[in-house]
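Take a look at the structure set out below.
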Amino acid sequence: MFKAIVSADTLQETLDSVSVLVDECKIHLDDDTLSIRAVDPASVGMVDLDLAATAFESYEADGGLIGVNLSRLEDIAGMADAGQLIQLELDEETRKLHIQIDGLEYTLALIDPDSIRQEPDIPDLDLPAHVAIEGRDIDRAVTAADMVSDHIALGVDTGDDLFYVNAEGDTDDVHLELAPDQLIDLDAGDAHSLFSLDYLKDMNKAIPTTAEVELELGDEFPIKLHFDIADAQGHVTYMLAPRIQSN
Amino acid sequence: MGNADLRQLAAIEETPFADLEGSVVAVDAHNWLYKYLTTTVQWTGADVYTTSDGTEVANLVGAVQGLPKFFEHGLTPVFVWDGGVTELKDDEIADRREQRERYEEQLDDAREAGDAAEAARLDARTQRLTPTIHETTRELFDLLDIPQVEAPAEGEAQAAYMTRTDDAVDYAGSDDYDCLLLGSPVTLRQLTSSGHPELMDFDATLAEHDLTWEQLVDVGILCGTDFNPGIDGFGPTTALDAIGEHGDLWDVLAAEGEHVAHGDRIRELFLNPDVTDDYVIDPDVSPAIDAARAFVTDEWEVDADAVARGFERIDAAAAQTGLDRWT
C-alpha cells in the first residue's frame with residue numbers, strides 16, 4: 001500500500017538528484033521514509049537518498065518496493081506548478097502508479113524492480129578530511145574547471161589549512177583555494193583525489209546553491225557529498241569514484 | 001570459422017553493455033584480431049602501417065582501435081591465443097589457403113587494372129596473421145597489461161573451457177557459433193561490431209530444443225563443422241529432427257546410411273578438447289600508455305595520427321576507478 005500527497009518541488013528535487021545518475025531506479029516505500037539507492041552503469045557514481053514521511057503533506061506506506069522510469073516520472077511532475085500538490089497512489093493489482101495533479105490523472109506503468117540494476121553496496125570508507133561548503137562554491141569550482149578540463153582535483157592542504165580545487169587543461173588552468181573563513185567548516189586531513197567532471201557536473205546540477213554541502217575526502221579515494229533537500233526533511237549522499245593518476 | 005547455420009538453433013539475445021559492466025571476457029584472440037586487421041587494411045592507406053623496410057603491422061592500428069570498446073564499457077578482456085592447429089582441421093585450412101591464393105591472383109589483376117575499391121576488398125580478404133603480427137600484438141597487449149592466455153590447441157575451446165570452469169571469467173567472446181558446441185555457458189558475439197553485443201546462452205539453447213550437450217554436438221556434426229563437411233541435405237532443422245528421432249549421431253548415420261569420417265574424434269574435439277588450467281590472469285589492468293604508444297609509433301613506425309584517438313580513449317577509460325573497488 002502506498003498513498004501520498006507531496007508538493008511538486010519536493011518531488012522534483014528528489015527525482016532530479018537520482019536521475020542525474022540513472023534512468024531507472026527502485027523506490028523503497030517504508031512506513032516512515034521513502035528511500036532510493038542507485039549506482040550508474042559504470043559503477044562510478046552512487047546516490048543514497050532518504051525522504052522522511054514528514055516531507056509529504058500526507059504519506060501512507062507499508063514497506064513496498066516499486067521500479068520507476070525516472071524521466072517519465074519527472075515529465076509528469078513537470079506538469080505541475082511549483083507549489084502545486086501531487087497525489088500518488090499505487091495500484092497493487094495492476095502495478096501502476098496513479099498520479100493526480102489538479103484534476104489531471106496520469107496512470108504510470110511501473111517497471112519490474114527485478115529488471116533494474118541491483119542496488120549497490122555502500123563503500124565502507126573512513127575518509128580523513130571533512131569540508132563543509134556552500135553549494136554555490138561547488139558550482140563555481142565545477143563551472144570554472146569545466147572551462148579548461150575534463151577532470152577536477154579536490155584536496156586539502158593540511159599545512160596551510162586550505163581546501164583547494166585544481167583543473168589543468170591543455171593551455172589554461174583553474175585554481176581555487178578556500179580558507180576556513182570562506183568555508184562553513186574544515187576538518188583538515190590528507191586528501192587529494194582526481195574526479196571526472198562529467199559526473200561531478202551532473203551531481204552539481206542537483207545540489208541547491210543555498211545548500212550546505214559536507215564533503216568527505218581522502219587521498220585517491222572516492223568523495224562523499226552530503227546535503228539536505230526538502231527543507232531538511234530529505235537527505236542525499238553522493239559518492240564518486242576517483243580517477244587514479246597513471247604515471 | 002564454425003558453421004553459421006547454428007544460429008538458427010542458438011538462444012541469442014542482444015544485451016546492453018551496461019549489463020556487462022565489470023565482467024571478464026575470455027576473447028578468442030584470433031577471431032577478434034582478424035576482424036580488426038581486415039577492417040584496418042580495407043579502410044586505411046598501407047603507408048600508415050608499413051615500416052620503412054616494408055613490414056605490414058596493420059594489426060597494431062586495428063588493436064588500438066578495437067581495445068577502447070572493452071575499457072569504456074568496464075569489460076576486462078583476456079585474450080586467448082591459438083596453440084597448435086588441430087590435425088582434423090587441416091582440410092579446412094588447406095581449403096582456405098587455396099581460396100586465399102585465388103584471391104591473391106584476383107588482387108594482382110585488380111591492381112593491374114587500377115580498380116582500387118576491388119583491390120582494397122581483396123586485400124582485406126588475403127590477410128593472414130604473420131609471425132610479426134602475432135609477436136607485435138602480444139607485445140602491445142603486454143605493455144597495456146592486458147591478460148593473455150596461450151591455449152594448447154584451439155583458442156575458442158580454451159575460452160569456452162575457462163568460461164565454464166573459472167569463476168574469474170564471466171563470458172567467452174567470439175563470433176564463432178562453435179562456442180556453443182564447445183559448451184561455453186555464455187558467449188558474447190559482435191564485440192567487434194558497433195552497437196550492443198549478442199549474448200548466446202548454452203543452457204537456454206539446450207532447453208529450447210530439449211537436447212543434451214552431446215546431442216547438440218551431434219546436430220552440429222550433421223550440419224557440418226570446421227572438422228567435417230556435414231551430411232548432404234542436413235540443415236539445422238533436419239538435423240534436430242533426426243537427433244530427436246534417433247537419439248544420437250551414430251543412430252542417425254545408421255538410419256540414413258551415411259558416414260562421417262572420424263566422427264568420434266570430432267565429437268571429442270567439442271566435448272573434451274585439448275585445454276589447460278595452467279594459466280594466470282590478473283584482471284586488474286594498469287596500462288603503460290606512453291610505452292605502448294612509443295612501441296607502436298616509434299618502434300613500428302605507425303602513423304601517430306592513426307592511433308592517437310585510440311590511445312586517448314584507452315587512457316581515459318582505464319584511469320577511472322569504480323566504486324566497487326571499495327566495497
Side-chain angles (χ1 to χ4, degrees), chain A residues 21-25 37-48 114-128 149-153 168 170 193-200 202-203 216-225 237-247, chain B residues 13-25 64 67-77 142-146 170 188 195-197 199 282-295 308-327:
Chain A
L21 283 175
V22 293
D23 302 328
E24 299 174 346
C25 73
R37 197 199 301 163
V39 66
D40 84 294
S43 190
V44 174
M46 189 184 294
V47 58
D48 188 19
D114 289 340
S115 74
I116 297 175
R117 192 176 320 112
Q118 217 183 348
E119 290 167 303
D121 291 332
I122 294 188
D124 182 19
L125 301 170
D126 185 14
L127 298 166
S149 179
D150 298 329
H151 317 137
I152 184 170
E168 292 173 8
D170 290 338
S193 302
L194 188 69
F195 300 99
S196 155
L197 267 172
D198 274 350
Y199 283 89
L200 212 52
D202 285 343
M203 291 176 174
E216 292 182 58
L217 281 162
D219 195 18
E220 295 208 323
F221 265 81
I223 184 175
K224 287 191 185 187
L225 303 96
T237 297
Y238 283 132
M239 270 157 282
L240 177 60
R243 296 171 55 84
I244 299 290
Q245 277 162 310
S246 47
N247 28 15
Chain B
E13 61 180 24
E14 191 182 277
T15 301
F17 272 112
D19 292 357
L20 306 171
E21 193 73 45
S23 327
V24 174
V25 190
V64 172
L67 287 171
K69 187 157 185 165
F70 291 108
F71 296 120
E72 286 171 351
H73 295 291
L75 292 169
T76 305
D142 273 341
L143 289 167
L144 293 173
D145 197 29
I146 295 168
D170 301 298
L188 295 176
H196 291 288
L199 192 148
D282 174 8
D284 206 355
V285 174
S286 50
I289 302 282
D290 290 343
R293 192 188 284 116
F295 173 72
R309 179 82 191 114
F311 277 121
E312 271 169 33
R313 287 171 64 197
I314 296 171
D315 192 24
Q320 177 65 58
T321 63
L323 285 166
D324 37 10
R325 185 192 270 234
W326 282 274
T327 50

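Every heavy atom of this structure was used, including side-chain atoms; hydrogens, water molecules and symmetry mates were not. Each chain gets a letter, A, B and so on, in the order the sequences are listed, and its residues count up from 1.
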Exercise. Mind ranking Asp121(A), Ile122(A), Val44(A), Val39(A) by heavy-atom pairs under 4.5 Å with chain B and telling me who comes out on top?
Key: Val44(A)

Quiz item: So does Asp219(A) have more than 12 non-hydrogen atoms from other groups sitting under 6.0 Å from CG?
Solution: yes

Self-check item: With Phe71(B) via side chain to side chain contact (heavy atoms under 4.5 Å, CB included) - residues at least two apart
Solution: Leu67(B), Pro77(B), Ile146(B), Val285(B), Ile314(B), Ala317(B)

Self-check item: Set of salt bridge (charged side-chain N to carboxylate O under 4.0 Å, His left out) partners for Asp170(B), sequence neighbours left out
Solution: none

Quiz prompt | Non-hydrogen atoms of Gly322(B) and Ala241(A) that approach each other most closely | solution = C-CB, 3.7 Å

Quiz prompt | Phe221(A) versus chain B, the contacting section by heavy-atom distance below 4.5 Å | solution = both

Quiz item: Distance from Thr321(B) atom OG1 to Leu194(A) atom CG, nearest 0.5 Å?
Solution: 10.0 Å

Practice problem: Calculate, to the nearest 0.5 Å, the distance between atoms OG1 and CE belonging to Thr327(B) and Met46(A) respectively. | Solution: 7.0 Å

